[in-house]
Amino acid sequence: MANNQRYAQVIVDVPTMQVNHPFDYIIPSQWANFVTPGMRVQVPFGVREVLGFVVEVSDESNIDRELKSISAVLDDEPVLTSEMLQLGKELATQLFTFQILCFQTMIPNLLKVDYTKVFVPLPTISWEHQQQFFSSQKEVSWDAANQNQQLATLMQLKSAGEVAVEYRLKDKKKIKKAYWIQPLLDYEELQEVESQLRPQATKQQDLVAVLMDLDGENISAKQLKASFNLSMQTIRSGERKGWLTVFEKEEKRDPYADLVTETVEPKTLFPEQQQAFNRILPDIHTHRHEVFLLQGVTGSGKTEVYLQLIQAARDLDKTALLLVPEIGLTPQMVNQLKGRFGNDVAVLHSQLTAGERFDEWRKLKHGEAHIAVGARSSIFAPLDNLGIIIIDEEHETTYKQNNAPRYHAREVAKWRGNYHQCPVVLGSATPSLETRARAQNGVYERLTLTKRTNHHELPDVQIVDMREEFKHKNYYQFSRKLRDAITETLARHEQVALMLNRRGYANYIQCMDCGHVFQCPNCDVSLTRHNEDKTLKCHYCGHTEALPQFCPECRGHHLQSFGTGTEKVEQEIMELFPEANVVRMDNDTTRRKGSHQKILNKVANHEADILLGTQMIAKGLDFPNITLVGIINADTSLYLPNFRASEQTFQLITQMSGRAGRGDLPGQVFVQTFNPEHYALQFAKAHDYEKFYAYEMRYRKLNHYSPYVFTIRLTVSHFDEKTGLRTAFKIRRLLQEADVPQTRILGPSQSAIARINNQYYFQVLYHYRNRHAIQPILETIKNKAQEWDRDHIHVMMDVEPMSFM
DNA sequence: AGCACGCCGACT
DNA sequence: GTCGGCGTGCTC
């Protein structure tokens, strides 16, 4: 073999255990010096063609067989850096998933490919068949053949050797192009042209006038059309007459082009902020990786610290990465960043279109922007030379992805911080117990902000015992105290935010004659009543049916609704406070793009007096005129089947309380509950995170939960209940036989919702202390799972799960 | 994941 | 005798 032959090691786009390793390919000589690690390539794999990521190139191959060649190179530059290649490999191991899934997660969706199959004629094809299938086209797509009932015939022709199947993959990547105009004539020439135009040719006169104005500068056709009311036709005719040329120019979509921000100068830091800043700053200068917990009460000015740290990194020409829970909900954060750093900021979040996301990503990749801000997946932002990574609201569960690869952005942040040797800042008013405990042990350094920058007290939190309301025959969702408070607040022309953790109108409906409860046919849950569109909906699989008029079992007409959702509370508000304007914000009212902003604008402009919503309203809202916050039912999050239920309830109440009294007006908070004595509520009332932390840690220690032990959740699902359970027991036995010291096996147990979409779910929890000790047995199980998969038995492995549903 | 290869039941 | 069912194993 020629000794100048180059080889590529490629991870192929086939998410399965057996091929979760690099495959060797010959790099055709014309690309030998061009193909580099991180590029996407098309490679033959078996009989088909698939996408692959080059992870390495070399001068030799250890494969003892004839190698195939790369069929196409899809990129002119790597889409993944060597950092990402390394990270992807490690993540796959740690999370028990496939490298290809990790790589796919790191790049924008537009860089994924579509697969198609086509039939093409071979020279041997008969004249009749050529006419029948290929007279008007060079090829027939598989899908079209399938729809036209031609598939069987074409497959026969394939075996007869008359046609072949070709595998194609199509890049979804689309670079947006725009038309631009370049004037060709100078001022005198234009004057000449103008004098010879017919008086009726008004559009052309306009065009010439604009060209004179431009003084030789280029202008985009879009601007020309918009500002001077000229059509493309006029422009084209100008081109024909030789006044100008039209050319295409690559354009990056800018989703925030219309955003008007005032330039905001850095604020003077308060002593506590300055102290925290001073502690972190040297690490940026000296390339030191350290993790900081910035624990600051709501309103203590964490954001200003972030902004100045980012500035410090930029001053050293380093880049910065800021993660926020869900950016669509925190326009304030984007405004502040754009206000301070302008176009140096790229924003990445789920509400952007695929094209917009791709372009924001490219700005970072090409160094046109150096600051990335975004939700979870932005932790993979293509930034080099990172100077600082900040995770705001680090306790948020949205940082954990709940489908494969089930990574936690906080852990990825630490990995990248170590890679770049830069500080990582975890900010929160209510840190996760894991983070707070690590700060206790000295693994992280804890910095505290105890004072609010507006010097106001934290709002007064009252806990209302709803059992008393029941005793006094008050069957409304509003306690008398909360009702009075709302009345008074509205009278003062201030605003109210109410949170209820369940959408829809009623939780379930039951026939009062025979007791029948309307349930989802696919899942083991009751259907939720939605009055708005007069339906019953399953919130798990999406099943929808019309609101029934009578009971299907006994034909009875006495159907009663139980439980409360946002729709019902909205109705009660209209009944109790008829003069108030209500806006509702939940999954049902925010589904359309931009509807978030619309609702929030209504609140900001005081077109709404009461904002009612699910927990999505707890995050990041900053409306100075909201002085009253009500949590309608704090219990819904308290008794979830999750050992973090108390922690999450405490965080939610604290966060929601923080929405009250952001401005100069004092705030008050009402928490309605049937468990007024619960410690999570009591500590939230007292605004005492530290006491809650100490108390909760004792509970976790006693019950052997995180952060004292680590957890892996193994979930088995199958359409047959018995098979699912049997497999779950097999997993238990495998874990038992491995007999790793300092581990504990819980289950199998039925998942909180036993059946979703006709699949039965069982889970085994594996608690452990030593990560390396458990790796082999879990690898074994992963391989077994591959075999079980053939029988449609699915096994999910979730490292440090946040949800147990 | 796909796809081919290969070994057993009901049909021209 | 063959067509086609889907169990098994492989893909550089």
Side-chain angles (χ1 to χ4, degrees), chain A residues 1-2 5-29 31-32 35-37 39-74 85 89 92 96-105 112-120 141-143 145-146 149 151-161 163-170 403-405 717-720 723 727 782-797:
Chain A
M1 201 168 270
Q5 184 66 66
R6 302 276 286 162
Y7 302 92
Q9 278 71 51
V10 175
I11 297 286
V12 293
D13 181 19
V14 180
T16 168
M17 214 41 234
Q18 297 102 304
V19 299
N20 189 30
H21 62 84
F23 282 72
D24 288 12
Y25 288 89
I26 294 166
I27 305 176
S29 56
W31 296 323
V35 171
T36 33
M39 283 183 181
R40 297 172 307 147
V41 289
Q42 177 180 331
V43 290
F45 195 65
V47 295
R48 21 180 210 148
E49 297 275 325
V50 298
L51 173 79
F53 287 90
V54 177
V55 292
E56 231 180 291
V57 293
S58 58
D59 294 323
E60 52 182 39
S61 166
N62 299 322
I63 301 300
D64 191 19
R65 57 130 87 196
E66 204 171 335
L67 298 185
K68 294 182 179 174
S69 295
I70 289 174
S71 359
V73 183
L74 279 77
L85 293 172
K89 191 176 171 184
F96 304 100
T97 182
F98 315 114
Q99 291 184 54
I100 188 69
L101 286 184
C102 297
F103 294 149
Q104 300 271 35
T105 310
K112 292 170 191 169
V113 295
D114 287 329
Y115 290 96
T116 48
K117 288 193 282 190
V118 294
F119 289 99
V120 292
S141 84
W142 180 283
D143 291 341
N146 203 2
Q149 317 291 321
L151 195 55
T153 327
L154 282 163
M155 285 304 276
Q156 276 167 18
L157 293 185
K158 188 192 163 212
S159 359
V163 302
V165 175
E166 278 185 14
Y167 296 81
R168 302 273 170 81
L169 56 172
K170 203 175 76 227
N403 41 39
S717 66
H718 194 249
F719 57 80
D720 177 55
T723 311
T727 313
K782 191 168 65 156
N783 287 317
K784 277 263 195 294
Q786 194 75 48
E787 291 171 31
W788 296 332
D789 219 60
R790 277 202 299 258
D791 301 323
H792 302 107
I793 302 170
H794 303 299
V795 177
M796 293 185 305
M797 297 170 72

Quiz prompt | side chain to side chain contact (heavy atoms under 4.5 Å, CB included) between A:Asp13 and A:Leu169, intermediate numbers included | solution = CA-CA 12 Å; A:Asp13 181 19; A:Leu169 56 172; over 6 Å; no
Sub-3.5 Å pairs of nitrogen or oxygen atoms, protein against nucleotides 2-5 of chain B:
unit_1	atom_1	unit_2	atom_2	d
B:dG2	OP1	A:Arg48	NH1	3.3
B:dC3	OP1	A:Lys117	NZ	3.2
B:dC3	OP1	A:Tyr167	OH	3.3
B:dC3	OP2	A:Lys117	NZ	3.3

Taking N or O atoms only and anything under 3.5 Å, show me the protein contacts with nucleotides 2-5 of chain C, one pair per line.
none

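Within the nucleic acid shown, A:Asn62 has no heavy atom closer than 4.0 Å to any nucleic acid atom. In this structure, A:Pro44 reaches the sugar-phosphate backbone alone: every heavy-atom distance under 4.0 Å involves primed, P, OP1 or OP2 atoms, never a base.
Rounded to a whole Å, the CE atom of A:Met17 is 16 Å from the P atom of C:dT11. Put simply, CG on A:Asp13 is 18 Å from P on C:dT11, counting in whole angstrom units. Protein atom CG of A:Asp789 is 16 Å distant from nucleotide atom P of C:dG9, rounded to whole Å. Atom-to-atom, CH2 of A:Trp788 to C1' of C:dG7 comes out at 19 Å; the value is rounded to the nearest Å. Rounded to a whole Å, the CD1 atom of A:Ile11 is 12 Å from the C1' atom of C:dC12. Put simply, CZ on A:Arg790 is 11 Å from P on C:dC10, counting in whole angstrom units. For A:Glu49 and C:dT11, the CD to P distance is 16 Å, given to the nearest whole Å. Counting to the nearest Å, the P atom of C:dG9 and the CG atom of A:Asn783 are 14 Å from each other.
Between the A:Lys68 side chain and the A:Gly46 main chain, a donor and an acceptor come within less than 3.5 Å of each other.
The side chain of A:Val19 approaches C:dT11 more closely than any other nucleotide in the set B:dA1, C:dT11, C:dC12. Closest to the side chain of A:Phe23, from the set C:dT11, B:dA1, C:dG9, is C:dT11. Picking from C:dC12, B:dA1, C:dT8 the nucleotide with the shortest atom distance to the side chain of A:Leu67 gives C:dC12.
Contact of the A:Thr36 side chain with the A:Val54 side chain is not registered, since no non-hydrogen atoms from C-beta on lie closer than 4.5 Å. For the pair A:Glu787/A:Asn783, no side-chain contact is recorded, criterion being any heavy-atom separation below 4.5 Å from C-beta on.
No more than 12 heavy-atom neighbours from other residues, nucleotides or ligands sit within 6.0 angstrom of CD on A:Glu60. Atom NZ of A:Lys89 is surrounded by 12 or fewer heavy atoms from other residues, nucleotides or ligands within 6.0 Å. Within a 6.0 Å sphere centred on NZ of A:Lys112, heavy atoms belonging to other residues, nucleotides or ligands number more than 12. Shown here is A:His792, whose NE2 atom has no more than 12 heavy atoms of other residues, nucleotides or ligands within 6.0 Å.
For C:dT11, one of the phosphate oxygens OP1 or OP2 lies less than 4.0 angstrom from a side-chain nitrogen or oxygen of A:Arg65.
Scored by the side-chain contact (heavy atoms from CB on, under 4.5 Å) test, A:Ser141 finds A:Val118, A:Asp143, A:Ala144 as partners (sequence neighbours excluded).
Note: A:Phe23 and A:Phe45 have perpendicular aromatic rings, judged against thresholds of 30 and 60 degrees for the angle between ring planes.
Remark: ring of A:Phe45 overlaps the six-membered base ring of C:dT11 in a stacked fashion, centroids less than 5.5 Å apart, planes less than 30° apart.
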